[in-house]
Amino acid sequence: MNIFDIYLEKITKIIKSESKNNTLKLPDKLDSVNVEIPPKHFDCDVSTNVSMVLAKPNSINPNDLAKKISELIKKNDDYISNIDVVKPGFINIKFNQKFWNEFIKNVINCADDYGKVKKLKKNKYLVEFVSANPTGPLHVGHCRGAILGDVISNILKFNNQEVVKEYYVNDYGNQIISFTRSVYFRIREIIYKESFPKDKPDLYPGDYLIDIAKNIVNENKDIDFSKFEPISDKLTKLSVDQSLKFVKSNLSNLGIKHDNFISETNIINNKEVEKSVELLKKKNFIYEGKIEAPESEKNSNWVKRNQLLFKSTDFGDDKDRALQKTDKTWTYFAGDVAYHNNKLNRGFDKLINILGADHAGYIKRITAVVEAISGNKTKIKCKVSQLVKLIKDGKPFKMSKRKGDYITVEDLINEVGKDAARFIMLNRSSDVELDFDFSKVKEKSKDNPLYYVQYCYARICSVFRNVNININDKIDVKNFNFKYSSDEIRILKKVSEWPKCIEISLNKLEPHRIPVYLYELSSEFHSYWNMGKDREELRFINKDNKLSEDKLVFLKIISQVIKNGMNIVGVDTPEKM
RNA sequence: GCGCUCUUAGCUCAGCUGGAUAGAGCAUCGGUUUUCUAAACCGCAGGUCGCAGGUUCGAAUCCUGCAGAGCGCGCCA
C-alpha cells in the first residue's frame, strides 16, 4: 500500500473528470503532478503540487485553484481529517484515525510483501557484477561493487523480477598467461626446490600462488610438471579453477552467490566472436581502418595500423574501438562484444552491469555494442561503484600489490564481519567515494549505523519476549480499532514512506536509500522509546504486564519493515544484542 | 587535451529524478539510567548548497561556462 500513489491516482481522476466537464484545462502531460512527503514542520501527512502545475494552463492563481481542488478531494473521502492550502499553492492533507487503521491492517496483511511496487511488469534481468580477473583472491576494492550488484539483484527480486546473477571470467589473454607461468614457477618451487624468480616483473608474486600450486600438485599426481609447454593449456585451466575457488569463497563470505560463471575462453573457442563480428558487419558497424594515438601516448612511438574497428562513435563514443590485434588474436573488447551478444541471445529484457570506477570509460562502447546488436530493443544500464578509501588508525591506507599491504575480502570479513561490511558499503550513494574506517566500523555504538538499526529490532523483540509473545506469530487484525497519539502517527508516517523508498531504489538502482531509510526509521523509534521514560502511557508494557493490541500491532509493523529492509540489504536482524 | 564522476555545516554524508523555513551523524559543550535493552535519548551551536550566468510561478536538484578533486583514455584485461 503506497499511500502517495493512492492519492496521486485519486487526484488525477478528479482533475481528469473536471476536464471532461470543461471546468478545468489540463496540460499535455501530467507527469509533474505529484503527491509527496511534506516538510516536517507542517502538521500534515501528504501534500500535492497539483494546483501549481494546473495554474498556468487555466490562467488562475494557484492558491485559488488549490482551494477549489481541495474541496473536490475532501468530498466523498472520509479518511481526511484536515485539508489545507498553503502559500505558493500546496494542498496539505492530514488523515484521521480511520485512515491509519486501514493502513496498519494493510501493512500487517502484506507482511513480507509490504513495500513491493505494485502493477510492475515482470522482466527478465541479467545482472553482471564483480567479474574480477581470476588471477587471485578478491581485495577490498572489489567488495563494494560486489555488494552493490548483490543488493540491486535483491531489490529486483523483492519486486518479483526474474534475476540471473552472473560473473564473467576473463580467463583469456596475456594476464592469464603470466598468471599461469607464475603458478608454474611455484610448482617448480615445490617439486624441484627451485626458488621463485622474484626479479621478473610480469610474474605474480603473491603468496596465495603457493597455495594454488600446492593444490594443483596434490590433486594431479598424474601430470608431468617437468616442462611448461606441453601442459600449458591444462595448467591454465587448473590455475583459473583454483583461483575461482578463492573468489567464490570470498564472495560466499560476503553472502553472495552468483548463478553463472561465464568463461571468456569458452566464448572464444565457440567462435562466438566471429559470429558477433559477422552480425555487426551485416549491420554496417565494422570496418577496417586506423585510429589516432591517445593523448597519453602522443610522445611515445605509436604506430598507426590498419585493423578491424567497431564504429562505437556512431553511438557517442570518443573513438572507434579495435577488435583484433596484429597477431590476429582478439582484443579483450572483442570478447566482450561476443559476451554481450551471448547475453542478448539468452532473451533477457534488461541488462545491468556493475563496474568499478576504473572501468567507467568502458561504458560507452559497451552500451554501443548492445544498442548496435539489439537495435536498441534491449537496454543496458551500467552502474559504477566509486572507490573505497580505506582508513586505519585515522590515516588513509594505500593498497599495493606488494606483499603485506594488500587487504583481501577475507581480511575485511575477519576484521569487521559480513553484516558491517555490507551495511556500511551500502550506506552511501555508489556515485561517491567512500571512506571505510576500520575502527569505526567495528565500534558497537551509534557511530555504527548497522548496530543502530539492529538494536532497534532487538529492542522490539525484547518487548515481545517480556510478554511471552512470539514476534513471528501472525496477528489477526480484522476487528481491531486502534487509537494512536501524534507521536505514534509520526512513526507510522515513516512506515508509510517505505514503499516509496523501495520504488525509488528500484527505478534508480540506488540501494543506498534503503540503509539510509532504515536508519531514519530506527531513529524515530529510539526517540519514541526514550519518551517512555518520562511518560508511562507511552511504554509498551503496561502496569499489569500486558501489551495492548495497539502497541502490539504498532511494534509488529515497525519490526516488519526493518526485517524486510535488512533482508534486501542482506544482513541479519538478531533478536538479542 | 578528451571522457566519466564528484564539490552541501569544522569532518563524513542524506536530500524522494524541479517545490515550502536545505537535513542527519561525528567532533565540542551541557543534560537523561530504582522504569519495556543507555549499542539509546534530549538540548545548544554550526550554511553564500564550489563560482558565474540561464531556463521556470519555483533550482542544492535541469542547461551552459569556469574553478577544484578523483578515475579513466593501449594491438592490457
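A, B, ... follow the sequence lines: proteins, then strands. Residue 1 opens every chain.
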### Message
Angle between ring planes, A:Phe540 versus A:Tyr528, binned at 30° and 60°: parallel, tilted or perpendicular?
### Response
tilted
### Task
Would you mind calling B:U33 syn or anti? Take O4'-C1'-N9-C4 for purines or O4'-C1'-N1-C2 for pyrimidines, and syn is within 90° of 0.
syn
### Message
For the OH atom of A:Tyr517 and the CD1 atom of A:Ile514, what is their distance to the nearest 0.5 Å?
### Response
11.0 Å
### Message
Side chain of A:Tyr455 only, heavy atoms from C-beta on: which candidate in B:C16, B:A77, B:A39 is closest?
### Response
B:A39
### Query
Rounded to the Å, how far apart are A:Leu203 CG and B:C76 C1'?
16 Å
### Task
Write down the distance separating the P atoms in B:C26 and B:A40, rounded off to the nearest Å.
8 Å
#### Entry: For A:Arg181, all residues meeting salt bridge (charged side-chain N to carboxylate O under 4.0 Å, His left out), sequence neighbours excluded
A:Asp202
## Note on the structure
Here the distance between atom C1' of B:U37 and atom CZ of A:Phe540, to the nearest Å, is 13 Å
### Task
Only counting residues at least two apart or in another chain, list the ones meeting ring pair (Phe, Tyr, Trp, His ring centres under 6.0 Å) with A:Tyr168.
A:Tyr339
### Message
Using the side-chain contact (heavy atoms from CB on, under 4.5 Å) criterion, which residues pair with A:Glu371? Sequence neighbours excluded.
### Response
A:Phe315, A:Asn376
### Message
Without decimals, in angstroms, what is the distance between A:His512 NE2 and B:U17 P?
### Response
13 Å
### Task
Using the test salt bridge (charged side-chain N to carboxylate O under 4.0 Å, His left out), find all partners of A:Glu549 that sit at least two apart in sequence or belong to another chain.
none
### Message
With rounding to the closest Å, how many angstrom separate the C1' atoms on B:C6 and B:U12?
### Response
15 Å
#### Entry: Value in whole Å for how far the P atom of B:C13 lies from CZ of A:Phe423
17 Å
### Message
What's A:Ala458 touching, base or sugar-phosphate or nothing? Going by heavy atoms closer than 4.0 Å.
### Response
base
### Query
If you measure from the P atom in B:U28 to the same atom in B:C11, how many Å do you get, rounded?
16 Å
Can you check nucleotides 9-12 of chain B for protein contacts, nitrogen or oxygen pairs under 3.5 Å, and list what you find?
from  : atom 1 : to       : atom 2 : distance (Å)
B:U12 : O2'    : A:Arg428 : NH2    : 3.4

### Query
If you look at every heavy atom in A:Asp45 and A:Lys493, which pair is closest and at what distance?
OD1-CD, 3.1 Å
### Query
For the side chain of A:Tyr452, counting heavy atoms from C-beta on, which of B:A40, B:A77, B:C16 is nearest?
B:A40
### Message
Taking only the C1' atom of each, what is the distance from B:C16 to B:A77 in whole angstrom?
### Response
39 Å
### Message
Using the side-chain contact (heavy atoms from CB on, under 4.5 Å) criterion, which residues pair with A:Lys237? Sequence neighbours excluded.
### Response
A:Asp241
What N/O pairs connect the protein and nucleotides 56-65 of chain B at under 3.5 Å? Give each pair on its own line.
from  : atom 1 : to      : atom 2 : distance (Å)
B:C57 : OP1    : A:Lys56 : NZ     : 2.5

### Message
For RNA chain B, please output the secondary structure as dot-bracket, reading 5' to 3'. Pairs are Watson-Crick or G-U wobble, both atom distances under 3.5 Å; mark crossing pairs with [ ], other-strand partners with |, unpaired with a dot.
### Response
(((((((..((((.....[...))))..((((.......))))......(((((..]....))))))))))))....
### Query
Please give, in whole Å, the distance from B:U21 C1' to A:Phe90 CZ?
12 Å
### Query
Would you call the rings of A:Tyr519 and A:Tyr452 parallel, tilted or perpendicular, where under 30° means parallel and over 60° means perpendicular?
parallel
### Query
If you measure from the ring centre of A:His41 to the centre of the six-membered ring in the base of B:U21, is it under 5.5 Å, with the planes under 30° apart?
yes
### Query
Which whole number of Å gives the distance between the C1' atom of B:U33 and that of B:G50?
46 Å
### Query
Considering only B:C16, B:U37, B:A20, which nucleotide approaches the side chain of A:Pro39 most closely?
B:A20
### Query
Which of the following nucleotides, B:U17, B:A77, B:U37, is nearest to the side chain of A:Tyr332?
B:A77
### Message
Between B:G23 and B:A27, how many Å separate the two P atoms, rounded to a whole number?
### Response
22 Å
### Query
Where the side chain of A:Trp529 is defined as all heavy atoms beyond and including C-beta, which of B:A38, B:A20, B:C26 is the nearest nucleotide?
B:A38
#### Entry: Nearest listed nucleotide, side chain of A:Lys508, among B:C76, B:U17, B:A38
B:U17
#### Entry: By side-chain contact (heavy atoms from CB on, under 4.5 Å) - contacts of A:Pro39 (at least two apart)
A:His41, A:Phe42
### Query
Counting any heavy atom closer than 4.0 Å, what does A:Tyr362 reach on the DNA or RNA strands: base, sugar-phosphate only, or nothing?
base
### Task
Using the C1' atoms only, state how far B:U48 lies from B:C57, rounded to an integer number of Å.
24 Å
### Message
Both A:Leu387 and A:Lys40 contact RNA chain B. Which one's nearest nucleotide lies toward the 5' end?
### Response
A:Lys40
### Message
I'd like to check the side-chain contact (heavy atoms from CB on, under 4.5 Å) partners of A:Asp64; sequence neighbours left out, ordered by chain and number.
### Response
A:Ile60, A:Asn61, A:Lys67
### Message
Test of understanding: with salt bridge (charged side-chain N to carboxylate O under 4.0 Å, His left out), list the residues that count as partners of A:Glu264, not counting sequence neighbours.
### Response
none
### Query
Under the 3.5 Å rule, do the base of B:A40 and the side chain of A:Ser527 count as making a donor-acceptor pair?
no
### Query
Which part of the nucleic acid, if any, lies within contact of A:Ile363, taking any heavy atom under 4.0 Å across all strands shown: a base, the sugar-phosphate backbone alone, or nothing?
nothing
### Task
Check every atom of B:A20, B:C6, B:C71 against the side chain of A:Asp431 and return the nucleotide holding the closest atom.
B:C6
### Query
What integer distance in Å separates A:Gln454:CD from B:U37:C1'?
14 Å
### Message
By nearest heavy atom, map A:Arg465 and A:Gln307 onto RNA chain B; which one lands nearer the 5' end?
### Response
A:Arg465
### Query
Any idea which of B:A14, B:A40, B:A39 is nearest the A:Asn530 side chain?
B:A40
### Message
Suppose we screen for salt bridge (charged side-chain N to carboxylate O under 4.0 Å, His left out). Which residues come up paired with A:Lys563, at least two apart in sequence or across chains?
### Response
none
